[in-house]
Amino acid sequence: MQDNWKIRSVYSLLLNRYGFLNWWPAETKDEVVIGTILTQNTSWSNVEKCIKNLKKKNICSLSAISSLDPKELAPIIRSSGFYNQKSKRLVDISHIITERYSTMEKMSEQPVDELELFLKNIKGVGRETMDSILSYALQKPVFVVDKYTMRIFSRTGITGDSTPIDAIKGLVYENLGNDGDMLRNLHAMLVYLGKDHCKTKPLCAECPVKSVCNYFITAGP
DNA sequence: CTCCCGTTGT
DNA sequence: ACAACGGGAG
């Protein structure tokens, strides 16, 4: 057990600023899965339009998408970028999930280890997408590590520059516990912090965690 | 390391 | 016009 005061400190500073966020904008579990694929290397505003298009056509569900031809789906999700890849991946994952579990409800009854093995073998589902599905669609107690997490943890000095994802997750579980709602809230707050302050060119002036951030204290502006 | 891409902000 | 932005596969 490696004790890391800074991570606890960052959590409470973030909670202070953002409060409890009930996050991942989606109406259904299917929609979360669809969103995790569409938002790969893409900002959320681009994804929203796709979701809107899918809803308008009444095909915003895994069962509907599973019977689509990627060729006809591609133009509908165009605004998310990489639409040819994502179109194939989306039809593929919809097929595989509905085939195996029928519904997301059924799927969420399975233990995490089994779900991990299952998800990890799907093309187009990498670490972050898998963890996002586990956490936000299936309500499992999993911490999602994304680009913002890495940047914020490394700048603050919570982790080193290239700490592996598993180590980051371990650090979070050991110091903050593994309550699902808390883990989802932490990830959500880190996303907000990343968008608001911890950008490539950081805006430290109003940053809620600057008091414990190595980047601000030493190298910072 | 390269390819896959549209949207938003400057 | 052009830079910033953001995951995964091969």
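First the proteins, then the strands, lettered A, B, ... as listed; each starts at 1.
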| message | Between A/Arg89 and A/Asp92, does any NZ, NE, NH1 or NH2 come within less than 4.0 Å of an OD or OE carboxylate oxygen? | response | no
| query | What integer distance in Å separates A/Ile93:CD1 from C/dA9:C1'? | reply | 15 Å
| Side-chain ion pair, A/Asp131 and A/Lys140, N-O less than 4.0 Å | no
| message | In this structure, how many angstroms lie between the P atom of C/dA9 and the CD1 atom of A/Ile122, rounded? | response | 11 Å
| said: Less than 6.0 angstrom separating the ring centers of A/His187 and A/Tyr136, yes or no? | reply: yes
| Short side-chain to backbone donor-acceptor contact, A/Asn121 and A/Leu117, under 3.5 Å | yes
| message | Between C1' on C/dA4 and OH on A/Tyr148, what's the gap in Å once rounded to a whole number? | response | 10 Å
| Counting only heavy atoms not in A/Glu206, do more than 12 fall under 6.0 Å of its CD? | no
| request: Please list, by residue number, the residues of residues 23-34 of chain A whose heavy atoms come closer than 4.0 Å to an atom of DNA chain C; answer none if no residue qualifies. | output: none
| message | Distance check needed: C/dG7 C1' versus A/Phe82 CZ, whole Å only. | response | 8 Å
| query | Is the closest basic N to carboxylate O distance between A/Arg100 and A/Glu114 below 4.0 Å? | reply | yes
| field | Presence of salt bridge, A/Lys147 and A/Glu128, under 4.0 angstrom | value | no
| remark: Whichever of A/Lys147 and A/Lys123 has the more 5' nearest nucleotide on DNA chain C, that residue is A/Lys147
| task | Compare every heavy atom of A/Tyr83 with every heavy atom of A/Ala74, then report the nearest pair and how far apart it is. | result | O-CB, 3.8 Å
| How long is the line joining CG of A/Asn121 and P of C/dA9, in whole Å? | 11 Å
| Using 4.0 Å as the upper bound for N to carboxylate O, is an ion pair formed by A/Arg127 and A/Asp166? | yes
| note | The first and last nucleotides of DNA chain B lying within contact of chain A, meaning any atom under 4.0 Å from one of its heavy atoms, run from B/dC4 to B/dT8
| said: For the NZ atom on A/Lys52, are there more than 12 heavy atoms of other groups (residues, nucleotides or ligands in this structure) within a distance under 6.0 Å? | reply: no
| message | Nearest whole Å is fine: how far is C/dG8 C1' from A/Met130 CE? | response | 13 Å
| What do you reckon, is CZ of A/Phe118 surrounded by more than 12 foreign heavy atoms closer than 6.0 Å? | yes
| remark: Separation of C/dG8 atom C1' from A/Glu128 atom CD, nearest Å, is 10 Å
| remark: Comparing nearest nucleotides in DNA chain C, the 5'-proximal residue of the pair A/Thr129, A/Ser43 is A/Ser43
| request: Can you sort out which residues in residues 45-57 of chain A have a heavy atom within less than 4.0 Å of DNA chain C? Ascending by number, please. | output: none
| Separation of A/Lys120 atom NZ from C/dG8 atom P, in whole Å? | 14 Å
